[in-house]
Amino acid sequence: MKEKSGFKPVLYLILLTTAVVVLSLASNKLWTGPTEEKIELKELVVDGGMSLGQFGQANGLANPVLKDIFGLKTRADLDKKISDFGTADQVAALVKRKLALSQEHASKNWLKIPLKFGLWFIWLIGLFVLIRKQPIAPGLRKGLLLAAVAVFGVVMGSDPSPMGTVKDAIHLYATASAVFPPRMIALGIFLVIVFLANKYICAWGCQLGTLQDLIFRLNRTGKGKAVIHRFYKPSFALTNTVRTVFLGVFTLGAFAWGLDIIEWVDPFKIFKPARLGAAGAVFVGLLFLASLFVYRPWCHLFCPFGLAGWVVEKFSRVKISVDYETCIACQKCALACPSTVMEAILKRDTKTIPDCFACYTCRDVCPTGSIAFSTRKRTLPPPGHFDPKTGKAAQGSEAG
């Protein structure tokens, strides 16, 4: 069969991105209700000598809002002084927190969110049963990734997302000292999925993760080689350092200045193009171009949930493991792996195992069926399994 040549992957990337943008614009118009847009809280006018009624008028807060914030019983309570509820700073903090939570709740589409989680559960469980023990042909893989992008991104939109649960939780607490319970429940669900089955939500459910994965596969032949140039596998020491520093800068910006630097370039907005902006469009374009040569660059370099998930992943019940009794040390799995994780899992020559997205590529190329995605415990390779000098198969290992 003739392999792909030239710059077809770039053409496919342009067509795919255009389709995602156009169809997302159309899909966004079909959803009614809240827009899920962030509402910036105004600086409050607070004076201890004010009555609650005067405070409401000065800040544009209706009486029902004041009732919810301060727990008012009767209309006469509007004559109470602000000072009765604490210092000016304490009152401002209380009002800001209550308003932030109220706006968070009002901005959510409470029909779409549970529907999306329901679809995620059906999809992930179905995939787990379908492909856990059988090879995934390149065409089937692209079809599954495209289906995930279409359903969880184009149709269901940019929110909720695993990344958003971490990013928005940090920013909300930093700017309003508030914790939005539904978001924490969503984050908990995502982390439980990671605990149960590695980064299955990232691998096969996350709208942006599957889109990056699909783009990466556009530049990959049926034999796993790059069509254009070659693939790059940055070291985990580099990618995790960048990701950790990025999260630190984001957190510092949120707590020190109330900034959300991820919001400026949030690639999930590709599914809500009207809110992407010029800077975001440029960033997403570069990110997608990089995805042709680097596996899931956003996940490895920037994603806050990617970092949190990597920590929980250490305790995952179901994960990739190697049976060294049948392994012939050919290392085809490590070569085919789109990142550096399989080499670390295979040789266990480092205590730090990078992110594994359970893409099954390693399992699909193993000639002896020695790799499984299961509850089997990871073990160390037996002494002499790999040549200590070359790192390759030790002499005679193929016979064993």
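Since the model is a prediction, treat every value here as computed from it, not as a measurement.
- Atom NZ of K314 has more than 12 neighbouring heavy atoms from other residues, nucleotides or ligands inside a 6.0 Å radius.
- By the 6.0 Å contact criterion, CZ on R230 is enclosed, its count of non-hydrogen atoms from other residues, nucleotides or ligands being greater than 12.
- Scanning both residues, C333 and L346, for their nearest heavy atoms gives SG-CD2, 3.8 Å.
- The shortest side-chain heavy-atom distance between P354 and S339 does not fall under the 4.5 Å cut-off.
- Side-chain N or O atoms of T17 include none that pairs as donor or acceptor with a backbone N or O of I14 at under 3.5 Å.
- In plain terms, the two heavy atoms of F271 and V154 that are nearest each other are CD2-N, 3.6 Å.
- Contact check for S24 versus V21: no side-chain heavy atoms found under the 4.5 Å cut-off.
- Of the N and O atoms on the side chains of Y295 and D213, at least one donor lies less than 3.5 Å from an acceptor on the other residue.
- For the atom pair CZ (R378) and CD1 (I345), the distance works out to 4.0 Å, reported to the nearest 0.5 Å.
- Annotation: F85, atom CZ; neighbour count of heavy atoms from other residues, nucleotides and ligands within 6.0 Å is above 12.
- Residues H171 and F255 keep their aromatic ring centres 6.0 Å or farther apart.
- Side-chain contact check for S177 and R97: no donor-acceptor pair (N or O, by modelled atom type) lies under 3.5 Å.
- Although no hydrogens or angles enter the test, the distance criterion places no donor-acceptor pair under 3.5 Å between the side chain of S51 and the main chain of D79.
- In terms of heavy atoms, P9 sits closest to N219 at CG-OD1, 3.6 Å.
- No side-chain heavy atom of R217 sits less than 4.5 Å from a side-chain heavy atom of P138.
- Remark: aromatic rings of F302 and F246 are close, center separation under 6.0 Å.
- At least one side-chain heavy atom of M342 sits less than 4.5 Å from a side-chain heavy atom of I320.
- When atom types are taken as modelled, the side chain of D77 and the backbone of T74 share a donor-acceptor pair closer than 3.5 angstrom.
- Between W204 and Y200, the ring planes are tilted. Angles from 30° to 60° get that label.
- Note: F152 and W120 have parallel aromatic rings, judged against thresholds of 30 and 60 degrees for the angle between ring planes.
- With N59 contributing its side chain and L44 its backbone, the two residues share no donor-acceptor pair below 3.5 Å.
- Under a hydrophobic clustering in which Ile, Leu, Val, Met, Phe, Trp and Tyr are joined whenever their side-chain heavy atoms come within less than 4.5 Å, directly or via other members, L335 and F386 fall into different clusters.
- Formation of a donor-acceptor pair under 3.5 Å by the R243 side chain with backbone atoms of W298 is not found in this model.
- Under a hydrophobic-cluster definition in which Ile, Leu, Val, Met, Phe, Trp and Tyr are linked whenever side-chain heavy atoms come within less than 4.5 Å, directly or via other members, L11 and L289 are assigned to different clusters.
- Ion pairing between K319 and E313 fails under the 4.0 Å rule for side-chain N and carboxylate O.
- A donor-acceptor pair under 3.5 Å is absent between the side-chain atoms of S102 and the main chain of L99, judged by distance alone.
- Judged purely by atom type and a 3.5 angstrom limit, W123 has no side-chain atom pairing as donor or acceptor with the backbone of G118.
- Minimum heavy-atom separation, G209 to C299: CA-SG, 4.3 Å.
- A side-chain N or O of S370 and one of T326 form a donor-acceptor pair less than 3.5 Å apart.
- In this structure the side chain of R348 reaches within 4.5 angstrom of the side chain of P381, judged on heavy atoms.
- Under a 3.5 Å cut-off, the side chain of K112 and the backbone N or O of M156 do form a donor-acceptor pair.
- Y232 and F216 fall into different hydrophobic clusters, where Ile, Leu, Val, Met, Phe, Trp and Tyr side chains are chained together by heavy-atom contacts under 4.5 Å.
- A salt bridge is defined here as a Lys NZ or Arg NE, NH1 or NH2 lying under 4.0 Å from an Asp or Glu carboxylate O, and K233 with E343 fails to meet this definition.
- Cation-pi geometry between R363 and F373 is not met: the NZ or CZ atom fails to fall both under 6.0 Å from the ring centre and inside 45° of the normal.
- Looking at D323, its side chain never comes within 3.5 Å of a backbone N or O of I371 through a donor-acceptor pair.
- By the 4.5 Å heavy-atom criterion applied to side chains, D47 and I82 are not counted as neighbours.
- The backbone N or O of T87 lies less than 3.5 Å from a partner atom in the side chain of Q90, making a donor-acceptor pair.
- Both V245 and I262 belong to a single network of hydrophobic side chains, linked directly or stepwise wherever heavy atoms of I, L, V, M, F, W or Y lie under 4.5 Å apart.
- Atom CD of Q207 is separated from atom OG of S161 by 5.5 Å, given to the nearest 0.5 angstrom.
- With ring centers used as reference points, Y173 lies 6.0 Å or more from F180.
- With salt bridges taken as basic N to acidic carboxylate O contacts below 4.0 Å, none links K332 and D364.
- The pair D266-K269 does not meet the salt-bridge criterion, since no charged nitrogen lies less than 4.0 angstrom from a carboxylate oxygen.
- For the pair I113 and D159, the minimum side-chain heavy-atom distance is 4.5 Å or more.
- Residue R141 forms a side chain to side chain contact (heavy atoms under 4.5 Å, CB included) with just one option from I136, L214, L146, and that option is I136.
- Counting heavy atoms from C-beta outward, F70 and K98 have side chains that stay 4.5 Å or more apart.
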